[in-house]
Amino acid sequence: MEIGDRRPGWRTRFAPSPTGALHAGSVRTALFNWLAARATGGSFLLRVEDTDQGRYHPGSELQILESLRWLGLDWDEGPEVGGPHDPYVQSLRTDLYRLEADRLVEIGAAYWCTCTPARLEQMRAGQRAAGRPTRYDRRCLERREEVAAEIEAGAPAVLRQLIPRGRTEWEDLIRGPIAFDNAEIDDQVLLKGDGYPTYHLANVVDDHAMEISHVIRAEEWIPSTPKHLCLYRALGWEPPRFAHVPVVLGEDGQKLSKRRGARDILQYRELGYLPSALVNAMALLGWSSGTEEEVFTVEELVARFSLDRVHPAPAVLDGRRLDALNGLHIRRLAPAELAEELEPWLPQTTGEQRLALVPMLRERMNRLDEAPRLASALLDGLPTAGEVQFPPKKVDAATAAALLDAAVGLVEEGGLEEPDDELVRRLGAVLEDRGVKRGDGFRVLYIAILGAPAGVPVFQAMRFIGAEASAARLRAARERLDR
RNA sequence: GCCCCGUUCGUCUAGAGGCCCAGGACACCGCCCUCUCAAGGCGGAGAUCAUCGGUUCGAAUCCGAUACGGGGUACCA
């Protein structure tokens with residue numbers, strides 16, 4: 001690295017509004033912000049944007065914090081941890097917005113408006129009918145004295161941004177240059193009738209106050225970025241860099257939305273996904289390492305992440321790929337770690353039991369919720385015979401009987417102390433003598449021990465349930481043959 | 001309607017003028033390994049690089065138009 005090439009760490013932020021749970025789309029945006037901060041040795045801030053009282057959803061703030069915590073996206077400043085720019089909740093910062101709003105009025109970058117919603121609606125309907133863009137017609141800008149008098153008399157009013165003439169452009173970190181003709185930009189409401197700021201004002205004031213260096217947000221914000229840039233300019237502030245990340249689409253190709261059944265990110269925990277796998281999968285939506293590696297721990301992502309490797313097209317979260325990735329992450333866990341992850345899924349077990357189960361389960365599951373099914377015959381007893389064909393195909397009853405007899409004898413003599421290879425050899429000999437393939441013949445043992453022709457390795461299973469239980473199950477199967 | 005963003009195998013993507021009659025991953029199929037099922041290894045199938053037209057000796061890569069998809073167009077964020 002050359003001298004002068006050192007860039008200071010980025011200050012990024014995730015600014016959710018507490019209107020509901022987080023879904024994969026919003027979490028992916030949070031993740032990119034977090035990764036960008038961590039990758040550059042900067043800071044990641046969390047800010048609650050609760051300026052819309054109408055849409056406030058009680059409890060969702062805690063849900064959001066828990067989601068981020070579960071995924072390991074820790075914040076350096078924000079709710080609960082505080083920081084030099086406290087508070088990190090917009091409803092507690094209204095004085096600040098009011099102050100800057102007054103400044104904007106003074107310098108002529110904003111004006112008060114008393115138009116009623118009904119008039120605005122009528123105005124837009126007319127514009128639309130005429131094939132023109134829908135923008136505020138600045139009626140109140142032209143009648144300032146009247147407006148002032150109306151407000152004096154107690155009329156409700158909003159503050160509008162006065163968009164200057166010209167062009168507004170910026171170099172988007174993901175999309176390159178983007179330009180808007182200011183004539184296309186509406187005179188955005190900055191302060192609502194209830195005194196709260198809109199996102200547009202609050203976001204600019206806070207990002208500046210909190211010294212955010214890079215605004216990484218979803219692409220739906222592209223059309224309002226010029227408004228924000230105009231605000232920065234009017235206030236005399238240097239704007240941050242902008243990066244608009246692509247949206248995440250559902251498997252139906254539509255944008256994820258709560259309305260269309262996008263699931264709360266915490267539901268993935270309930271479904272048996274590991275946070276590291278989810279983070280890995282979300283990082284791969286739009287971002288790629290540039291190498292052929294794709295399975296990454298969170299630390300590996302931090303070491304590799306860079307915003308300029310983000311692809312601008314929307315991406316679909318593929319459940320099958322997530323499952324496969326989750327399986328890979330499960331297999332990457334140390335046995336003790338997996339045993340611990342399994343606790344909620346196998347509540348009837350001890351830690352020691354789970355550790356013994358891990359070698360049997362780890363290659364066989366992509367999601368933790370598969371553990372109960374895989375371990376059921378070992379923990380809950382043999383399932384009822386049901387539909388299973390016994391003896392299985394390609395195995396005659398006499399061979400099955402001989403195999404089971406041999407197995408019972410072996411188990412009772414303490415044969416389970418022997419290594420697998422030895423057991424396979426000794427029981428396999430019984431089958432070979434009768435011309436039955438081991439693979440076919442051993443299904444008899446699987447059905448006897450697990451109640452199904454396939455499952456976790458049968459000798460390991462027998463050791464887990466113990467010699468006594470194993471012998472009992474083998475005998476029960478032997479008796480079934482006689483009936 | 002108006003504005004903006006996007007478009008490579010079913011899905012996620014690599015690709016920044018010749019290395020690409022396009023590479024990887026998931027899913028799918030086959031083989032190997034093997035006490036079953038998996039896991040793992042190897043191989044296969046799968047993309048006229050949205051379309052059309054330019055630029056160029058040469059284009060997935062540059063330019064333009066069109067189509068399609070997405071987003072915005074609120075006193076929501």
Side-chain angles (χ1 to χ4, degrees), chain A residues 15-17 19 49-52 54-55 113 115 117 120-121 124 127-135 156-160 172 174-175 178-181 183-186 188-194 196 198-200 202-203 217-226 244 246-247 249 251 253-255 281 284-295 309 311-325 327-328 331 360-366 374 392 420-421 423-424 427-428 431 437-443 445-447 450 452-460:
Chain A
S17 63
T19 54
E49 309 224 320
D50 58 345
T51 54
D52 186 355
R55 292 204 311 158
C113 169
C115 288
L120 294 173
E121 202 173 314
R124 291 188 193 108
Q127 292 168 336
R128 196 172 298 231
R132 312 208 53 207
T134 53
R135 275 178 283 130
V158 300
L159 185 69
R160 281 185 186 277
D172 196 274
I174 291 172
R175 292 154 207 274
I178 299 180
F180 282 81
D181 182 340
E184 302 291 347
I185 308 168
D186 202 0
Q188 211 14 267
V189 169
L190 260 19
L191 239 30
K192 299 183 260 188
D194 62 6
Y196 277 89
T198 58
Y199 171 88
H200 305 284
N203 137 273
R217 64 199 348 180
E219 66 174 313
E220 67 223 34
W221 291 108
I222 291 175
S224 31
T225 299
H244 290 95
V247 296
L249 308 176
E251 299 199 44
Q254 301 289 104
K255 185 190 169 195
L284 257 18
L285 291 182
W287 175 84
S288 71
S289 68
T291 69
E292 289 186 349
E293 297 174 282
E294 298 195 326
V295 186
R309 293 206 53 83
H311 184 82
V316 177
L317 179 59
D318 179 9
R320 284 188 298 259
R321 191 162 189 229
L322 210 210
D323 282 359
L325 222 34
L328 257 9
R331 266 160 249 130
M360 290 185 267
L361 304 185
R362 63 184 301 146
E363 276 89 36
R364 271 160 272 264
M365 40 179 206
N366 277 339
L374 286 165
D420 285 0
D421 288 353
L423 296 171
V424 169
L427 294 177
L431 297 168
K437 283 189 195 158
R438 289 210 293 237
D440 296 327
F442 278 166
R443 289 184 193 282
L445 301 178
Y446 278 88
I447 295 168
L450 303 175
V456 301
V458 77
F459 298 117
Q460 288 182 50

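Within a 6.0 Å sphere centred on CZ of A:R132, other residues, nucleotides and ligands contribute 12 heavy atoms or fewer.
The distance between atom CG of A:D420 and atom C1' of B:U34, rounded to the nearest whole Å, is 12 Å. Per the geometry, CG belonging to A:D421 stands 10 Å off C1' belonging to B:C35, to the nearest Å. If you measure from atom CD of A:Q188 to atom C1' of B:A77, you get 11 Å, rounded to the nearest angstrom. Residue A:F459 contributes atom CZ, which lies 9 Å from atom P of B:C35 at whole-angstrom precision. A straight line from NZ of A:K192 to P of B:C75 spans 10 Å, rounded to a whole angstrom.
Scanning all heavy atoms of the two residues, the minimum distance from A:C113 to A:R160 falls at SG-NE, 3.4 Å. Between A:R55 and A:T19, the closest heavy-atom pair is O-CG2, 3.3 Å.
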Item to check | side-chain contact (heavy atoms from CB on, under 4.5 Å) between A:H244 and A:I174, worked out | outcome: CA-CA 6 Å; A:H244 290 95; A:I174 291 172; 6.0 Å; no
Next on the checklist: Return a single string for nucleotides 1-19 of chain B, one symbol per nucleotide in 5' to 3' order, where B is base contact, S is sugar-phosphate-only contact and - is none, cutoff 4.0 angstrom on heavy atoms.
Outcome noted: BSSSSSS--BSBSSS----
Checklist entry - Reading nucleotides 36-42 of chain B 5' to 3', which nucleotides get B (base under 4.0 Å from a protein heavy atom), which S (sugar-phosphate only), which -? => result BBBSS--
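A gap of 12 Å separates the P atoms of B:G41 and B:A27, to the nearest Å. If you take atom C1' in B:A60 and the same atom in B:U56, they sit 16 Å apart, rounded to whole Å. Rounded to a whole angstrom, the distance from the C1' atom of B:A77 to that of B:G44 is 49 Å. Distance check on atom P: B:A67 versus B:A74 gives 25 Å, rounded to whole Å. B:U7 and B:G46: their P atoms are spaced 25 Å apart (whole Å). Across the C1' atoms, B:C3 and B:C12 are found 30 Å apart, a figure rounded to whole Å. For the C1' atoms, the distance linking B:C21 with B:A39 amounts to 36 Å, nearest Å. Taking atom C1' in both B:A59 and B:G64, one finds a spacing of 15 Å when rounded to whole Å.
Pairing for B:U61 is absent, with no Watson-Crick or G-U wobble pair whose two atom distances lie under 3.5 Å. Base pairing analysis places B:C21 opposite nothing; no Watson-Crick or G-U wobble pair with both distances below 3.5 Å involves it. The partner of B:U73, taking Watson-Crick or G-U wobble pairs whose two distances both stay under 3.5 Å, is B:G1. Across the strands present, B:U7 finds its partner in B:A67; the criterion is a Watson-Crick or G-U wobble pair with both atom distances under 3.5 angstrom. Judged by Watson-Crick or G-U wobble contacts below 3.5 Å, the nucleotide B:C37 has no partner. Nucleotide B:C49 is matched to nothing when pairs are restricted to Watson-Crick or G-U wobble geometry with both distances under 3.5 angstrom.
Interatomic distance, A:L284 CG to A:S289 OG, rounded to the nearest 0.5 Å: 8.0 Å.
A:Y199 is linked by a ring-ring contact (aromatic ring centres under 6.0 Å, His included) to A:W221, A:H228, counting only residues two or more places apart in sequence or in another chain. Not a single salt bridge (Lys or Arg N to Asp or Glu O under 4.0 Å) links A:R364 to another residue, sequence neighbours left out. In this structure, the side-chain hydrogen bond (donor to acceptor under 3.5 Å, both in side chains) partners of A:E49, at least two apart in sequence or on a different chain, are A:R47, A:Q90. Take A:D420 and apply the side-chain hydrogen bond (donor to acceptor under 3.5 Å, both in side chains) test, not counting sequence neighbours, and it matches A:R463.
If you check every strand for non-hydrogen atoms under 4.0 Å, A:R124 touches sugar and phosphate atoms only. Among the protein residues, A:R217 comes within range of no part of the nucleic acid, since none of its heavy atoms lies under 4.0 Å from any strand.
At least one side-chain heavy atom of A:T225 sits less than 4.5 Å from a side-chain heavy atom of A:R217.
The backbone N or O of A:A281 sits nowhere less than 3.5 Å from a side-chain atom of A:R321 that would complete a donor-acceptor pair.
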